[in-house]
Amino acid sequence: MLLDLRDGVRNSKWLKYVLVGIICVPFALFGIGSYFGGGGPDYAAKVNGEKVGLAEYNNAYQIQRNQLRQAFGGRMPEGFDAAGMIGQQAMDTVVTRELLRQTTTNNNLAIGDDALAREILTAEAFTVDGVFDKDRYQLQLQSQGIDAGQFEAQYRGDLLLQQLQGSVVETAFELDTEAELVAVLRDQQRTLSTVTFALQETADAIEVSDADIQAYYDENTANFNNPEKVKVEYLELKPEDLTSDLEVTEEQLQEFFDQNRREYRSAEQRDASHILLAMDSDAGSGEADETRQKALDLIARINAGESFEALAEEFSDDPASGADGGSLGAFERGVMVGPFEEAAFSMAEGDISEPVRSDFGYHIIRLNSIIAEQGKSFEDVRDELDQRYRKEQADQAFYEVREQLSNASYENSDSLEPAAEETGLEIKVSDWLDANSTDGIGQYRQVLAAALTEDVLNDGQNSEVVQVGEDHVIVLRTVEHELPKPKALEEVRDDVVKQLQQQRAREQLDELAQSTIEELKGGADIVALAESHGAAYVEPAAVGRQGGETDRAIVSELFKMAKPAAGENSYRQVTTSAGDVAIVVFSGVAEAAQDESTEIADSENVPATPSLAPRAGAAEFAAMVSGLQAGAKVEQNDFLLNGGGGSNY
């Protein structure tokens with residue numbers, strides 16, 4: 001069990017309080033509560049009978065959503081079906097995490113509170129110049145849309161999973177001979193020559209008759225249809241359409257700045273040192289008086305000129321700060337215990353406090369410096385604030401109007417007019433839409449799919465709200481419809497001719513390639529043979545697995561072929577990446593300093609190759625996860641994904 005607890009941290013009540021105070025900073029939870037309203041099970045999934053909570057699914061959903069949004073430069077592309085994909089990814093993530101969590105429990109792995117705090121305080125993501133920075137910690141968590149409690153639980157789980165993964169990956173090993181073999185195979189070169197027949201040149205030379213064209217068209221009419229198409233009328237909702245006339249006052253922006261001040265300015269801080277004379281919170285008056293007197297005696301010695309640092313090292317009951325001369329570093333309001341904070345923030349630089357009592361005992365505080373509030377002013381970020389404020393207002397209005405749109409179009413399913421009146425949206429009419437449409441709302445595959453559903457197409461009802469982008473929805477009804485119908489022959493004549501030529505050219509070249517291979521096996525001269533057939537010949541050359549400029553299809557086929565006998569060639573027909581027909585001629589293996597009669601080269605002569613162990617370990621861990629998934633009984637809450645009931649698999 002990979003558990004490392006440090007007794008010094010665990011035994012320091014003061015330091016423990018500081019750690020908890022730093023870690024347990026409250027954050028606003030940016031959830032997807034709309035997914036959890038109404039019916040449906042009260043869990044995201046059941047894994048081997050154990051429930052996975054909705055909050056964990058919410059957390060995973062937000063992380064997936066934010067990561068995907070960042071990957072697209074801050075905004076999902078229009079038409080991207082993000083919601084369904086993110087929901088399923090989040091479900092898969094929480095189910096797999098629960099399986100692994102159960103495995104860590106079964107194997108008695110654990111992460112203690114002190115170890116968790118140490119990991120958080122030293123995490124590079126939360127440090128500035130090597131020191132934990134609470135503002136950075138807050139911003140990192142806020143950017144992921146989670147609070148401290150969620151993060152601690154998730155991070156503890158991540159550390160447990162690292163233990164589990166490490167116990168598999170880090171125990172993988174490789175034999176010396178395996179690494180040597182891989183190096184030899186990796187750098188192996190094979191002698192290759194090719195004969196290539198150009199498909200297009202052959203096709204262009206083929207004549208097709210009118211009768212052939214008509215016969216091919218008649219046999220393949222279904223391949224030359226005009227696609228099924230529709231015209232729809234629709235209501236379209238996007239946030240930017242709701243705030244074009246929004247007036248924003250300076251007072252509103254100033255209030256918004258104040259609400260989000262921590263994102264732009266760091267709070268005023270105090271840099272202080274202390275000497276703690278520990279005492280139980282319920283100590284009697286006698287003990288309290290005695291401890292206070294000790295504190296007064298130390299204050300007198302400090303005022304008389306003795307070193308605060310030296311006295312802290314000798315007398316402080318806080319081992320962490322005492323070893324550093326009593327230094328606590330810089331902190332802002334809300335971190336320290338109340339009486340301590342009140343005293344520190346009322347002192348002037350260089351002051352030594354009177355004894356300050358807290359639940360931990362008496363403190364002697366020295367205020368080293370006052371660090372003023374820093375950062376950008378309102379004027380510095382006004383334009384950014386204006387954009388953010390408008391975006392938030394647009395998002396809020398979007399969800400309100402979307403709800404109105406959904407209700408009105410459902411309650412009045414035979415017309416879009418009531419929904420248009422209630423939402424203020426304009427009813428628009430599309431051009432013809434089909435599977436090949438790329439403009440307007442036709443670019444969204446969900447639109448055509450909705451227009452062709454039975455309720456909309458046959459029963460004349462409004463569609464459900466169709467999400468075509470992250471914040472972009474449409475409600476539609478089909479007003480015109482045309483079934484697929486064949487295109488006239490004259491309209492597709494060129495395509496028919498091209499397809500006939502390509503088909504016949506490939507048949508000819510397949511026969512020619514096979515006959516050429518037989519002639520080569522019979523001893524024919526390859527250069528003369530290629531020239532007689534009008535083919536391109538490439539002389540023998542050593543080719544590695546990367547292939548260089550050689551066609552990838554040829555290289556792939558070359559390294560699948562069995563090694564030919566000495567002095568002989570192997571032949572294989574292949575279709576190149578460009579569609580041409582090629583004959584691969586494999587003449588032998590060019591392995592440095594090695595043939596079948598010698599042992600594998602000494603390791604010092606083998607080119608450096610990455611260790612196989614990490615990859616082998618990763619493969620073993622992946623196999624373990626797959627085994628856990630295959631053997632698990634999982635019931636997922638499909639209500640979260642599509643509004644349906646749960647399912648077992």
Side-chain angles (χ1 to χ4, degrees), residues 172-199 509-620:
F173 63 91
E174 66 184 60
L175 300 175
D176 292 341
T177 53
E178 289 179 316
E180 293 163 0
L181 273 172
V182 168
V184 170
L185 292 173
R186 181 200 63 192
D187 296 330
Q188 183 188 84
Q189 292 192 323
R190 297 189 167 197
T191 304
L192 166 72
S193 56
T194 58
V195 176
T196 304
F197 304 93
L199 179 69
L509 293 183
D510 285 344
E511 293 179 5
L512 181 58
Q514 288 304 309
S515 65
T516 301
I517 288 175
E518 293 304 317
E519 291 183 77
L520 290 172
K521 289 180 178 179
D525 180 72
I526 191 171
V527 177
L529 201 56
E531 185 176 352
S532 69
H533 292 312
Y537 172 65
V538 176
E539 295 182 346
V543 175
R545 291 181 183 275
Q546 297 305 312
E549 297 181 0
T550 305
D551 185 271
R552 289 307 306 166
I554 291 176
V555 174
S556 176
E557 197 64 36
L558 173 66
F559 279 89
K560 294 176 184 177
M561 296 170 68
K563 181 179 178 180
E568 297 186 7
N569 296 326
S570 292
Y571 305 94
R572 188 75 59 82
Q573 178 184 333
V574 64
T575 300
T576 70
S577 302
D580 297 327
V581 176
I583 297 173
V584 177
V585 184
F586 177 21
S587 303
V589 176
E591 294 175 329
Q594 182 185 347
D595 58 38
E596 293 181 351
S597 63
T598 62
E599 296 182 356
I600 294 175
D602 293 337
S603 60
E604 63 185 32
N605 295 322
V606 176
T609 188
S611 172
L612 297 177
R615 283 186 291 176
E620 291 174 12

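Keep in mind it's a predicted model, so treat the numbers as computed, not measured. When a residue number appears, it is its place in the shown sequence, counting from 1.
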- Message: Which heavy atom of Ala172 sits nearest to which heavy atom of Ala616, and what is that distance?
- Response: CB-C, 4.3 Å
- For Glu518, what residues pass the side chain to side chain contact (heavy atoms under 4.5 Å, CB included) criterion, not counting sequence neighbours? Lys521
- To the nearest 0.5 Å, tell me how far Leu192 CG sits from Phe586 CZ. 9.5 Å
- Item | Minimum-distance pair of heavy atoms, taken over all atoms of Gly579 and Leu199 | O-CD2, 3.5 Å
- Taking the side chain from Thr194 and the backbone from Thr196, do they hold a donor-acceptor pair closer than 3.5 Å? no
- Looking at residues at least two apart in the chain, or sitting in another chain, which of them share a side chain to side chain donor-acceptor pair (under 3.5 Å) with Ser587? Asn569
- Item | Tyr571 and Val585, any side-chain heavy atoms less than 4.5 Å apart | yes
- Message: Under the side-chain hydrogen bond (donor to acceptor under 3.5 Å, both in side chains) definition, can you give me all pairs with a residue in residues 546-556, not counting sequence neighbours?
- Response: Asp551-Ser577
Kindly list each side-chain donor-acceptor pair under 3.5 angstrom involving residues 509-517, sequence neighbours excluded, with atom names and distances?
| residue | atom | partner | partner atom | Å |
| --- | --- | --- | --- | --- |
| Asp510 | OD1 | Gln573 | NE2 | 2.8 |
| Gln514 | NE2 | Gln573 | OE1 | 2.6 |
| Ser515 | OG | Glu511 | O | 3.3 |
| Ser515 | OG | Leu512 | O | 2.9 |
| Thr516 | OG1 | Leu512 | O | 2.7 |

- Task: Calculate, to the nearest 0.5 Å, the distance between atoms CZ and CZ belonging to Arg545 and Arg186 respectively.
- Result: 10.5 Å
- Item | Non-neighbouring partners of Ala619 that pass side chain to side chain contact (heavy atoms under 4.5 Å, CB included), sequence neighbours left out | none
- Query: Taking only residues at least two apart or on different chains, which pairs with a member in residues 571-580 satisfy salt bridge (charged side-chain N to carboxylate O under 4.0 Å, His left out)?
  - Reply: Glu557-Arg572
- Non-hydrogen atoms of Gly588 and Pro564 that approach each other most closely: N-CG, 4.0 Å
Let me check something: any side-chain donor-acceptor pairs from residues 528-540 under 3.5 Å, sequence neighbours excluded? List them with distances.
| residue | atom | partner | partner atom | Å |
| --- | --- | --- | --- | --- |
| Ser532 | OG | Ala528 | O | 3.4 |
| Ser532 | OG | Leu529 | O | 2.8 |

